[in-house]
Number of protein chains: 2
Amino acid sequence: MDSAPPVPPSLPSSSPWLPFESRRRARDEKREAVLRAAVQLFLEQGYHRVTLNEVAERLNITKPALYNYFRGKDEILFECWSMGAELVDSVITEINGGGGSGLAKLRKLVHAYAALMATDFGASLVRFDLRDLTERNAAVARASKKRIDATFRRYIAAGTADGSIRPCDPKLAAFAIAGALNWIGHWYRRDGELSPSEIADEFTVRLTEGLATESRQQMTKKTPGAPQRRNSGRTTAGKKRTGGGTR
Amino acid sequence: MDSAPPVPPSLPSSSPWLPFESRRRARDEKREAVLRAAVQLFLEQGYHRVTLNEVAERLNITKPALYNYFRGKDEILFECWSMGAELVDSVITEINGGGGSGLAKLRKLVHAYAALMATDFGASLVRFDLRDLTERNAAVARASKKRIDATFRRYIAAGTADGSIRPCDPKLAAFAIAGALNWIGHWYRRDGELSPSEIADEFTVRLTEGLATESRQQMTKKTPGAPQRRNSGRTTAGKKRTGGGTR
DNA sequence: ACTTTTTCTTACCCGTGGGTAACATATCGG
DNA sequence: CCGATATGTTACCCACGGGTAAGAAAAAGT
């Protein structure tokens with residue numbers, strides 16, 4: 001729990017860094033506790049119906065205490081949103097780091113993203129209204145969303161280029177897949193019949209089976225390294241400019 | 001503004017019914033005008049950020065005048081939602097009336113539903129928060145949503161039964177398809193690059209190709225006689241042709 | 001022990017916006 | 001032309017909730 005900070009034992013035990021660090025950590029923990037309480041309430045009742053008094057009450061403090069950690073209600077909302085965005089970002093970084101065909105990467109992303117949608121911070125990505133944020137924060141959030149969307153399209157485009165995915169419009173295919181995934185955040189219930197892993201597994205299959213070049217077959221962990229291209233023509237030629245976000 | 005009531009000149013002008021009817025119709029037209037203005041503002045800015053004064057202002061009246069037609073803000077929201085629900089219901093009734101395999105019916109539903117998501121009242125189905133309604137109205141809305149979801153599952157189940165759809169879990173398949181469709185209501189923009197019919201066509205293919213037993217092949221354009229926009233420009237670069245601004 | 005800094009509470013402000021009351025004005029049947 | 005009904009306006013109420021000021025209480029530093 002408390003990993004000893006790199007304090008040389010030769011130093012007097014009165015090192016000012018330890019208290020400082022522990023204090024900062026305590027503060028961060030409290031800050032995060034606020035976010036956990038807030039995100040739960042926001043998802044449960046909706047941002048506008050949750051009062052800061054309620055958030056504070058759940059933490060056994062009073063409303064003004066919250067202002068020690070956040071500038072205002074909308075910043076709390078934004079930080080919740082950011083927590084979710086960071087989760088997605090780390091997933092993407094992880095996948096980018098690994099190898100595999102475009103289809104393989106897409107499947108990894110679908111699987112992880114589906115599981116994320118079943119978490120509070122993950123769901124907040126799609127259930128919070130960016131218009132509740134300040135313009136500055138909203139811009140950050142929009143940029144984040146755009147990067148995520150671009151990742152879906154990039155994997156799909158890469159898949160059509162390497163032959164693992166049939167030719168299709170990456171933009172619309174990404175919309176369809178991301179839409180189905182995002183919607184999980186709206187219907188998933190902790191006390192429901194479906195477990196997050198069940199959902200993730202099933203969606204991974206269902207959302208990509210229509211795209212794969214290799215016809216239906218068990219998609220094992222190992223994606224065949226050399227998928228025979230049934231479309232031996234210059235598949236890359238069909239690649240449409242996807243990168244260009246017009247906005 | 002005041003379209004002359006269709007009064008046949010042959011009838012005696014003293015018929016009590018015509019004035020009554022025309023009056024009631026005028027009232028209904030105004031009521032609907034309120035809904036059109038409201039749904040637009042709600043989608044644009046979000047329910048909680050729209051004031052009744054704004055709605056009234058757009059109609060060149062004042063806030064209390066709205067109370068001649070609605071009991072309160074939440075009822076306006078509900079009526080907007082209901083307009084969308086009725087559109088879906090009529091689509092379903094139409095499809096149920098016709099024949100075809102489970103897959104065929106599913107495709108018709110996907111196509112019509114996708115197009116609906118690109119309309120104001122259609123989008124309101126998925127972008128309004130049911131928790132803003134009274135408990136009574138929310139119950140009605142939930143029931144409606146449930147019926148729609150059940151229809152998706154029924155078509156899928158019917159498809160697996162008649163062999164047009166491969167075996168799968170109807171519940172999760174319906175979630176995936178409905179999710180992708182519902183998400184249209186969140187990203188579609190009138191001034192975007194994609195026309196509603198393009199979206200509907202593409203989603204019809206993309207969302208069902210993984211389910212069909214018969215492998216890929218052109219699914220012929222036996223799309224139902226939905227009044228398609230004459231925007232038959234084949235290229236994806238559909239111009240930002242957006243006709244009549246209802247304003 | 002003392003000061004200083006951080007944290008939290010009590011008490012309050014006040015803009016906002018849904019909703020209402022009272023009154024004015026068309027509209028209609030007769 | 002005249003009441004009755006519908007429709008709309010001006011002026012107001014007031015609950016709600018985000019945000020702040022001032023100071024107590026608890027840690028931390030010395």
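Bear in mind the structure is a predicted one, so any value in this text is a computation, not a measurement. Order of the sequence lines fixes the chain letters, A, B, ..., with proteins taken first and strands second; residue numbering starts at 1 for each chain.
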Side chain of [X] - closest among [options]:
| X | options | answer |
| --- | --- | --- |
| B/Ile61 | D/dA21, C/dT7, D/dT9 | D/dT9 |
| B/Ala65 | D/dT9, D/dT20, C/dT20 | D/dT9 |
| B/Lys30 | C/dG18, D/dG8, D/dG19 | D/dG8 |
| A/Pro64 | D/dA11, D/dG19, C/dT10 | C/dT10 |
| A/Thr62 | D/dT7, C/dG19, C/dT9 | C/dT9 |
| A/Leu52 | D/dG18, C/dT9, D/dT7 | D/dG18 |

If I take atom [atom1] in residue [X] and atom [atom2] in nucleotide [N], what distance separates them, rounded to the nearest angstrom?
| X | N | atom1 | atom2 | value |
| --- | --- | --- | --- | --- |
| A/Ile76 | D/dG19 | CD1 | P | 9 Å |
| A/Asn53 | C/dT9 | CG | P | 11 Å |
| B/Leu41 | C/dG18 | CG | C1' | 16 Å |
| A/Tyr67 | D/dG18 | OH | C1' | 5 Å |
| B/Gln45 | C/dG17 | CD | P | 11 Å |
| A/Glu29 | C/dT7 | CD | P | 13 Å |
| B/Asp74 | C/dG17 | CG | C1' | 14 Å |
| B/Arg49 | D/dG18 | CZ | P | 14 Å |

Q: Look at A/Glu32 together with A/Arg36 and state whether they make a salt bridge at an N to O cut-off of under 4.0 Å.
A: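 Yes, A/Glu32 and A/Arg36 are salt-bridged.
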Q. What nucleic acid atoms does A/Phe70 come within less than 4.0 Å of, heavy atoms only: base, sugar-phosphate, or nothing?
A.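 The answer is nothing, as A/Phe70 stays clear of every strand by at least 4.0 Å.
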Q) Looking for any heavy atom pair under 4.0 Å, which part of the strands does A/Val55 touch: base, sugar-phosphate only, or nothing? A)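 If one applies the 4.0 Å heavy-atom cut-off, A/Val55 turns out to touch nothing in the nucleic acid.
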Q | Centroid separation A/Phe175 to B/Trp187 less than 6.0 Å | A |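 Centroid separation for A/Phe175 and B/Trp187: below 6.0 Å.
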Q) Taking the six-membered ring for Trp, are the ring centroids of A/Tyr113 and A/Phe152 within less than 6.0 Å of each other? A)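 Yes - the distance between ring centres of A/Tyr113 and A/Phe152 falls below the 6.0 Å cut-off.
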(Q) Does a side-chain N or O of B/Arg27 approach OP1 or OP2 of D/dT7 to a distance below 4.0 Å, or not? (A)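 True: B/Arg27 side-chain N/O within range (under 4.0 Å) of D/dT7 OP1/OP2.
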Q: State whether a side-chain donor-acceptor pair under 3.5 Å links B/Tyr47 with B/Asp74.
A: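 Distance-only check fails for B/Tyr47 and B/Asp74.
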Q) Can you find a donor-acceptor N/O pair under 3.5 angstrom joining the side chain of B/Lys63 to the base of C/dG19? A)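 Side chain to base: pair present.
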Q.
Just so I know, are the side chains of B/Phe121 and B/Glu86 near enough to count as touching, which here means a heavy-atom distance under 4.5 Å?
A.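 A side-chain contact is absent here, since even the closest heavy-atom pair is not under 4.5 Å.
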